[in-house]
Amino acid sequence: MKLKLDLHDIFNKGSDIDRALRGIIDEAVQKKASTVEIIPGKGSGALKKKVLRFLDQKEIKQLYHRVEKDGDNWGRLFVHFRHNESTGRRGRGR
């Protein structure tokens, strides 16, 4: 399952952006989605940086496996998940 979040409509509303990002990450964990596509758009790059800072927070980072920057479209990011069957969260690889 793949989820998608397009931030074009809320690009200038900081708290809405954080809420939307948290919501899509929580939904991905709940539904055991393999990938979340986040579209901050191209613009100045400020929104993409904000998204990357959000994803780099310790409590968020532990929920996903890795972030991939799209090589063909720099206005798009993919967040990849590995889910542990018992918790719905990614495995630790121990």
Side-chain angles (χ1 to χ4, degrees):
M1 170 191 285
K2 179 177 166 183
L3 300 175
K4 184 175 179 178
L5 176 63
D6 188 339
L7 295 173
H8 282 102
D9 293 339
I10 57 172
F11 71 93
N12 60 353
K13 299 174 184 162
S15 62
D16 288 350
I17 292 167
D18 288 348
R19 214 174 359 266
L21 289 167
R22 183 64 203 219
I24 200 75
I25 296 297
D26 288 346
E27 183 179 354
V29 170
Q30 177 190 11
K31 293 182 176 178
K32 296 186 180 348
S34 60
T35 307
V36 171
E37 177 183 352
I38 301 174
I39 303 171
K42 295 180 180 176
S44 69
L47 184 53
K48 183 176 180 179
K49 288 177 187 173
K50 180 175 180 50
V51 170
L52 290 170
R53 280 193 305 272
F54 176 87
L55 293 171
D56 201 39
Q57 295 175 83
K58 184 179 179 180
E59 68 275 9
I60 300 299
K61 201 172 191 173
Q62 69 185 0
L63 299 174
Y64 65 87
H65 171 61
R66 68 183 175 93
V67 174
E68 174 188 1
K69 298 174 185 174
D70 188 337
D72 297 326
N73 178 352
W74 60 273
R76 180 168 64 175
L77 300 166
F78 296 101
V79 182
H80 298 276
F81 293 81
R82 283 188 191 157
H83 298 284
N84 178 312
E85 288 304 313
S86 63
T87 64
R89 301 212 170 148
R90 72 181 183 98
R92 295 279 181 199
R94 291 182 184 161

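The backbone N or O of V36 lies less than 3.5 Å from no partner atom in the side chain of Y64, so there is not a single donor-acceptor pair. K48 places a side-chain N or O within donor-acceptor distance of the main-chain N or O of W74, the cut-off being under 3.5 Å.
The CD1 atom of I25 sits 4.0 Å away from the CZ atom of F81 when rounded to the nearest 0.5 Å. In this structure, CD1 in I38 is found 11.5 Å from CD1 in I17, a value given to the nearest 0.5 Å. Expressed to the nearest 0.5 Å, how far CG of L21 lies from CZ of R53 amounts to 11.5 Å. How far CD of E27 is from CG of L3: 4.5 Å, rounded to the nearest 0.5 Å. The CG atom of L47 sits 8.5 Å away from atom NE2 of H8, with the distance rounded to the nearest 0.5 Å. Taking CG from D6 and CD1 from I24, the interatomic distance works out to 11.0 Å, rounded to the nearest 0.5 Å.
Looking at residues two or more places apart in sequence or on another chain, you find a salt bridge (Lys or Arg N to Asp or Glu O under 4.0 Å) between D26 and R22. For K2, the side-chain contact (heavy atoms from CB on, under 4.5 Å) partners are T35, E37, F78, not counting sequence neighbours.
The list of salt bridge (charged side-chain N to carboxylate O under 4.0 Å, His left out) pairs with a residue in residues 62-75, not counting sequence neighbours, reads D70-R76.
The hydrophobic cluster containing I39 does not contain L52, counting ILVMFWY residues as joined when their side-chain heavy atoms lie under 4.5 angstrom apart, directly or transitively.
Taking each heavy atom of E59 and Q62 in turn, the nearest pair found is O-CG, 3.4 Å.
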